[in-house]
Amino acid sequence: MGYDCIGATGSDCATLHYGHAGNPNDGLIKDGDMCLFDMGCEYYCYGADVTCSFPVNGVFTNDQKVIYEAVLAANRAVMANTKAGVNWVDNHRLAERVILTHLREFGMVKGDVDDMMRAHLGAIFFPHGLGHFIGLDTHDVGGYPPGVERPTEPGLESLRTARVLKANMVVTIEPGCYFIDTLMDRALASEEQRDFIDVATFERFRKFGGVRIEDDVVVRETDCELLSVVPRTVNEIQTFMGQKK
């Protein structure tokens, strides 16, 4: 394996790096919960890093489907935009915008998405960076060479790179949507952010956990090449998990 696996279910899916040597993955898998499995192998010393989120019982509830499809839409929008010459910060903002748009359609947030972006509401749901370089190390070097400044805005300060993409770079694309108690409380306490939130719907998801969808891609001049091949749509996952052994 390329790194210690993250194997979370239920509310533990909201812990971005759940499980380590001092506190191993010891949560029980329960019917009705979501799983979030972040793992990757090494092949001839080169790493992979793939995250799959799926329902324990193989069938998405409506709430699970809404969050999953918001993240998948962000993943695919970024993938479609990824090519040489694109700034990684812009890709992260694109993912935030897509997730917020889906949450607005669902009724969890309300108002103008541009205003939400200015209030950094996306960082409440998506508090980590969009992805990272991958190669001989899972989180490979080169994210901030001389001349590349780290962003300081909420949601952007965790980016592992702010570079303009070049052909043949290998990166992960891993948007997520999580319901983390401390961030939820922060949003509800913020006059600027609270007005965008439908509190009843928001609170209903407090123990939901989260969804992350992570793929590995090679940047090309005019597009990118997807390296990870796993069931991704709701229908693909439910069909795969419904197969008889």
Requested in this report: Apply the test side-chain contact (heavy atoms from CB on, under 4.5 Å) to residues Met108 and Val66: give CA-CA distance (whole Å), side-chain angles for both, the deciding distance (0.1 Å), then the verdict.
Outcome: CA-CA 11 Å; Met108 184 177 294; Val66 165; over 6 Å; no
**Report entry** Criterion side-chain contact (heavy atoms from CB on, under 4.5 Å) on Cys35 and Asp33, from CA distance to verdict
**Finding:** CA-CA 7 Å; Cys35 289; Asp33 282 347; over 6 Å; no
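Heavy atoms from other residues, nucleotides or ligands lying under 6.0 Å from NZ of Lys83 number 12 at most. Residue-environment remark: CZ (Phe240) stays at or below the threshold of 12 foreign heavy atoms within 6.0 Å.
By the ring-ring contact (aromatic ring centres under 6.0 Å, His included) test, Phe106 is found to be paired with Phe205, residues two or more places apart in sequence or in another chain being considered. Remark: Asp223 engages no residue in a side-chain hydrogen bond (donor to acceptor under 3.5 Å, both in side chains) (not counting sequence neighbours). The side-chain hydrogen bond (donor to acceptor under 3.5 Å, both in side chains) test applied to Asn87 returns no partner, not counting sequence neighbours. Listed by chain and number, the residues in a side-chain hydrogen bond (donor to acceptor under 3.5 Å, both in side chains) with Asn168 are Arg220 (sequence neighbours excluded). Judged as a side chain to side chain contact (heavy atoms under 4.5 Å, CB included), and not counting sequence neighbours, the contacts of Asp140 are Phe133, Asp137.
When all heavy atoms of Asp49 and Thr138 are compared, the pair lying nearest together is OD2-CG2, 3.5 Å. Residues Val148 and Tyr144 come closest through the heavy atom pair O-CD2, 3.7 Å. Nearest heavy-atom pair across Phe60 and Val234 is CD1-CG1, 3.6 Å.
Between the side chain of Ser53 and the backbone N or O of Leu36, no donor-acceptor pair lies under 3.5 Å. Using a distance-only test at 3.5 Å, with no hydrogens or angles considered, no donor-acceptor pair links the side chain of Asn57 to the main chain of Asp31. In this structure, Arg206 contributes its side chain and Met184 its backbone to no donor-acceptor pair below 3.5 Å. When atom types are taken as modelled, the side chain of His92 and the backbone of Gly155 share a donor-acceptor pair closer than 3.5 angstrom. Side chain of Ser228 to main chain of Asp216: a donor-acceptor pair is present (N/O by atom type, distance under 3.5 Å, no hydrogens or angles). Checking side-chain atoms of Thr161 against main-chain N and O of Arg163 turns up a donor-acceptor pair under 3.5 Å.
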Please output the side-chain donor-acceptor pairs of residues 123-130 that fall under 3.5 Å, not counting sequence neighbours, one pair per line with the distance.
{"from": "His128", "atom 1": "NE2", "to": "Tyr178", "atom 2": "OH", "distance (Å)": "2.7"}

Using residues 68-81 as the side-chain source, report each donor-acceptor pair under 3.5 Å to any protein atom, sequence neighbours left out, with the distance given to one decimal.
{"from": "Tyr68", "atom 1": "OH", "to": "Arg232", "atom 2": "O", "distance (Å)": "2.4"}
{"from": "Asn75", "atom 1": "ND2", "to": "Ile173", "atom 2": "O", "distance (Å)": "3.4"}
{"from": "Asn75", "atom 1": "ND2", "to": "Ile213", "atom 2": "O", "distance (Å)": "3.3"}
{"from": "Asn75", "atom 1": "ND2", "to": "Asp215", "atom 2": "OD2", "distance (Å)": "3.2"}
{"from": "Arg76", "atom 1": "NH1", "to": "Asp215", "atom 2": "OD2", "distance (Å)": "3.0"}
{"from": "Asn81", "atom 1": "ND2", "to": "Asn91", "atom 2": "OD1", "distance (Å)": "2.9"}

All N/O donor-acceptor pairs, side-chain side in residues 94-103, below 3.5 Å, sequence neighbours left out:
{"from": "Arg97", "atom 1": "NH1", "to": "Asp114", "atom 2": "OD1", "distance (Å)": "2.8"}
{"from": "Arg97", "atom 1": "NH2", "to": "Asp114", "atom 2": "OD1", "distance (Å)": "2.9"}
{"from": "Thr101", "atom 1": "OG1", "to": "Arg97", "atom 2": "O", "distance (Å)": "2.8"}

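Using a 4.0 Å cut-off between charged nitrogen and carboxylate oxygen, Lys207 and Asp181 count as a salt-bridge pair.
Other members of the hydrophobic cluster containing Leu136, listed by chain and number, are Tyr46; membership follows side-chain contacts under 4.5 Å among ILVMFWY residues, whether direct or relayed. When hydrophobic residues (I, L, V, M, F, W, Y) are linked wherever their side-chain heavy atoms come within less than 4.5 Å, the members clustered with Ile29 are Val56.
For residues 147-159, the pairs satisfying salt bridge (Lys or Arg N to Asp or Glu O under 4.0 Å) are Arg93-Glu153, with sequence neighbours left out. Under the salt bridge (Lys or Arg N to Asp or Glu O under 4.0 Å) criterion, the residue pairs touching residues 36-48 are Asp38-Arg212, with sequence neighbours excluded.
Counted by atom type alone, His120 and Gln193 present zero donor-acceptor pairs between their side chains at under 3.5 Å.
In this structure, Val170 is not a member of the same hydrophobic cluster as Met39, with clusters built from ILVMFWY side-chain heavy atoms closer than 4.5 Å.
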